[in-house]
*Asks:* 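The structure follows.
We count residues from 1, following the sequence as given.
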Amino acid sequence: MKKILLVDDQYEIRRLMRQTLGKTFEVFEAEDGENGLHLAKKVLPDLIILDIRMPGKMDGLQLLSAVRANPQLHSTLVILVSALQRELDVKRGGELGADAYFVKPFSPLQLLACVQECFLKEAQHE
């Protein structure tokens, strides 16, 4: 079973994502970037769904950068999520190696389709 790590400071968003993805995938959760990086190193997820704007010492773009710099996590798929569709965030996320970008609010079906598409693209490149 593929593992997905959800990193978002909003509990309700994580709950919605967990309910959507938990039937098909093993889901782990973190409420901020620092805990997200720690958990990612521990569980080695296949995909991380990552909020860009989070409080604390590490926001989503910093976490993405740390994931790409870590040899164990370097090839982990990452979907960025944000309430703001700022062109700068989308561009920076792409430069850092994000595999997809999602804007809140989103439908659970859109999220599931995006996750499945990321896994499908990965399988085609193997």
*Asks:* Does anything in residues 24-43 pair up under ring-ring contact (aromatic ring centres under 6.0 Å, His included), and if so which pairs, sequence neighbours excluded?
*Replies:* F25-F119
*Asks:* Transitively linked via ILVMFWY side-chain contacts under 4.5 Å: L44 with L64?
*Replies:*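 In one cluster with L44: L64, yes.
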*Asks:* Contact between V78 and L63 at the side-chain level, heavy atoms closer than 4.5 Å - yes or no?
*Replies:*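 Not in contact.
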*Asks:* Would you check if S82 and V103 make a side-chain contact, meaning some heavy-atom pair closer than 4.5 Å?
*Replies:*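 They are not in side-chain contact.
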*Asks:* For L47, is there any backbone N or O sitting under 3.5 Å from a side-chain donor or acceptor partner on K2?
*Replies:* no
*Asks:* Quick one: do L61 and L80 satisfy side-chain contact (heavy atoms from CB on, under 4.5 Å)? Show the steps, please.
*Replies:* CA-CA 8 Å; L61 293 176; L80 291 177; 4.0 Å; yes
*Asks:* Going through the checks in order, is the side-chain contact (heavy atoms from CB on, under 4.5 Å) test met by T20 and M17?
*Replies:* CA-CA 5 Å; T20 302; M17 289 190 283; 5.6 Å; no
*Asks:* Same cluster or not: are V27 and L39 linked, directly or through other Ile, Leu, Val, Met, Phe, Trp or Tyr residues, by side-chain heavy atoms under 4.5 angstrom apart?
*Replies:*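 No; tracing contacts between hydrophobic side chains, which count when under 4.5 Å, never links both residues.
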*Asks:* Starting from L21, can I reach I79 by hopping between I/L/V/M/F/W/Y residues whose side chains sit under 4.5 Å apart?
*Replies:* yes
*Asks:* Below 3.5 Å, can you tabulate the donor-acceptor pairs from side chains in residues 7-14 to any protein atom, sequence neighbours excluded?
*Replies:*
{"unit_1": "D8", "atom_1": "OD1", "unit_2": "Q10", "atom_2": "N", "d": "2.8"}
{"unit_1": "D8", "atom_1": "OD2", "unit_2": "K104", "atom_2": "NZ", "d": "2.9"}
{"unit_1": "E12", "atom_1": "OE1", "unit_2": "R15", "atom_2": "NE", "d": "3.0"}
{"unit_1": "E12", "atom_1": "OE1", "unit_2": "R15", "atom_2": "NH2", "d": "2.5"}
{"unit_1": "R14", "atom_1": "NE", "unit_2": "E29", "atom_2": "OE1", "d": "2.9"}
{"unit_1": "R14", "atom_1": "NH1", "unit_2": "D8", "atom_2": "O", "d": "2.7"}

*Asks:* Treat each ILVMFWY residue as a node, draw an edge where side-chain heavy atoms are under 4.5 Å apart, and state whether I52 and L6 are in one component.
*Replies:* no
*Asks:* Could you report the tightest heavy-atom contact between L37 and M58, atom names first, then the distance?
*Replies:*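 Of all heavy-atom pairs spanning L37 and M58, the closest is CD2-CE, 4.0 Å.
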*Asks:* Would you give the length of the straight line joining atom OG of S75 to atom CG of D46, rounded to the nearest 0.5 angstrom?
*Replies:* 9.0 Å
*Asks:* Taking side chain to side chain contact (heavy atoms under 4.5 Å, CB included) as the test, write out the residues that go with A40, two or more places apart.
*Replies:* L5, P45, I48, L73
*Asks:* Report the residues that fulfil side chain to side chain contact (heavy atoms under 4.5 Å, CB included) with Q124, sequence neighbours left out, ordered by chain and then residue number.
*Replies:*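 For Q124 the side chain to side chain contact (heavy atoms under 4.5 Å, CB included) partners, ignoring immediate neighbours, are L120.
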*Asks:* Per the side-chain hydrogen bond (donor to acceptor under 3.5 Å, both in side chains) rule, what does the pair list look like for residues 57-74, sequence neighbours excluded?
*Replies:*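 Pairs touching residues 57-74 that pass the test: R68-D99.
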*Asks:* Quick one: salt bridge (charged side-chain N to carboxylate O under 4.0 Å, His left out) partners of E26, sequence neighbours excluded?
*Replies:* none
*Asks:* To the closest 0.5 Å, what do you measure between CZ (F102) and OG (S107)?
*Replies:* 6.5 Å
*Asks:* Are L111 and V81 co-members of a hydrophobic cluster defined by side-chain heavy atoms under 4.5 Å apart?
*Replies:* yes
*Asks:* What's the shortest heavy-atom distance between L50 and M54, and which atoms?
*Replies:* CD1-CE, 3.9 Å
